[in-house]
Amino acid sequence: MSDHMRGVLDGVVVVGGGFAGVACARELSRAGVEVVLLEARDRLGGRTWTGEFEGHQVELGGTWVHWHQPHVWAEVSRYGLELTESPTAGLARWCVGGERHDADMAAVWEMMASGSDQLCADAQQVFERPHDPLFGDIEAIDRLSIEDRLGALGLDDGVAAVTRSLWQTAGSAYTNEVGLAAALRWYALSGFNFGLMMDCVARYKIALGTRALIEAMAADGRFETRFDSPVASVEQNADAVAVRLRDGSQLEARAAVVAVPLNVLGTIAFSPALSDAKQPAIAAGQASHGLKVWVRARGEIDRFVIGEPGGPLSYLQPEYRVEGDTLYVAFGPDAGSLDVTDHAAVVDAVGRLLPEAEIVSSHGHDWVADEFTRCTWSMYRPGQLTSALRALQEPERRVILAGSDVASGWNGFIDGAIESGFRAARTAHRILHEGTRSARGGVDSVVTA
């Protein structure tokens, strides 16, 4: 087979066009490395996706950014992007024991803060260096789930319910599935303060959407992007890497960066197989399996809602006004409990929390059913931080993993994805310069045509 047909690249192939893949491709290409980025979808962004609902721009995936997130903030500043804010509701509702309780927002905020402060009281002691999470002895804490600690705190019923639902929302899973270390990391990265944490994870948005940022980063690179290019296998030898697509085409390069979610890694055949140290995390996947859905409610509603723990919806926040109506964004811990594409089911779930609201439309994407994500944002299970992070960050000869799932800092966020892309670019650059042979000298031994 000719080089043209096989696709031989004297550089790096990047698998995945989320923020990690685009950051890596931009950095390498601007350093003079030949780069081809393979994206399975017809768009960039990965688990971020700026779309439209009821004539308004909405985020179907990752949304919020903050200056406490250094990598994404540098990018926002670099491209001169403006921020906008999610509004703060005046009224609130929380649910427990099948009953709804109404209060002003300040009262429910105090309940969330009180429970979360107790949950994360030792965040500064455990994560003294938030961007170096494996610094210090954290194994005992890492073995615990969020629920392990919540159950031991002795919170009153109201505060316990509000705190549990809040952290089901944050974890995009049930609290017994998510490691306590994940909650402590959020606190530590936010300056050990509940209010700052909520600002970091749910207040500031890019005015033109996450799409504006990733498109600016991609335009600033000098790499080729191939859309609709899902990868089936990655095979390497001492000199080169062969990436085979599902359609049977192949691209060979001197190194490969695989920037896909942890829960998708098992769908790609690696030869040689990835190391034994990586396999348990790949087999288990990270914990998130939650949902995000947008709804349009008739009239202007100024009420934030914390759902009952274990219910299909745990968090409803009014985000926009459209022609006198309210667009709510809602989250839940389990995509299996509510099909976000089933309008009747969404209406029923919202009605349990806001029975006074007439829901006229809804819109969401099932990230867990999506074959290219199989999860929402990354939240490690108990024990995964200490058992898996360092191994996942280690290169496998000429193959490097990237993505927000393997970030040292803001794991699961745009910031963590960019951080990981930078790390992967540095590693790939080193591999290229350490090589003694051109990829063109050894590609024929990678696979047989």
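Here the structure is a predicted model, which means the values were calculated and not measured.
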With sequence neighbours left out, what residues match E224 under salt bridge (Lys or Arg N to Asp or Glu O under 4.0 Å)?
R226

Is the shortest side-chain heavy-atom distance between E177 and M379 below 4.5 Å?
no

Is the number of heavy atoms from other residues, nucleotides or ligands under 6.0 Å of R390 CZ greater than 12?
no

Over 60° means perpendicular and under 30° means parallel, so tell me whether F53 and W294 are parallel, tilted or perpendicular.
tilted

Ring geometry between W367 and W49 (parallel below 30°, tilted from 30 to 60°, perpendicular above 60°)
perpendicular

Is there a donor-acceptor pair closer than 3.5 Å between any side-chain N or O of E39 and the backbone N or O of G46?
no

R397, CZ: over 12 other non-hydrogen atoms inside 6.0 angstrom:
yes

Is the number of heavy atoms from other residues, nucleotides or ligands under 6.0 Å of Q57 CD greater than 12?
yes

Partners of D370 by salt bridge (Lys or Arg N to Asp or Glu O under 4.0 Å), sequence neighbours excluded?
R41

Hits for side chain to side chain donor-acceptor pair (under 3.5 Å) against S190, two or more places apart or cross-chain, chain-then-number order -> none

Would the distance check show the side chain of Y187 and the main-chain N or O of Q124 forming a donor-acceptor pair, the cut-off being under 3.5 Å?
no

Could you state the interatomic distance from CG (D366) to CG (L60), rounded to the nearest 0.5 Å?
12.0 Å

Report the residues that fulfil side chain to side chain donor-acceptor pair (under 3.5 Å) with R381, sequence neighbours left out, ordered by chain and then residue number.
none

Check: S361/E54 side-chain N/O donor and acceptor closer than 3.5 Å
yes

Taking every non-hydrogen atom, the tightest pair across A89 and P318:
CB-CG, 4.1 Å

So for atom CD, which belongs to E52, do other residues, nucleotides or ligands contribute more than 12 heavy atoms lying within a distance under 6.0 Å?
yes

So that I can tick it off, tell me whether E34 and R254 are bridged by a salt bridge, with the cut-off set at under 4.0 angstrom between side-chain N and carboxylate O.
no

Taking the six-membered ring for Trp and the single ring otherwise, decide whether the centroids of W186 and F413 are under 6.0 Å apart.
yes

Any side-chain donor-acceptor pair under 3.5 Å between S314 and T169?
yes

Sequence neighbours excluded, which residues qualify as side chain to side chain donor-acceptor pair (under 3.5 Å) partners of R185?
none

List, one per line, each side-chain donor-acceptor pair under 3.5 Å for residues 299-307, sequence neighbours excluded.
residue: D302; atom: OD1; partner: G90; partner atom: N; Å: 3.1
residue: D302; atom: OD2; partner: G90; partner atom: N; Å: 3.0
residue: R303; atom: NH1; partner: A92; partner atom: O; Å: 2.9

Indicate whether any N or O donor in one side chain lies under 3.5 Å from an N or O acceptor in the other, for S86 and W64.
yes

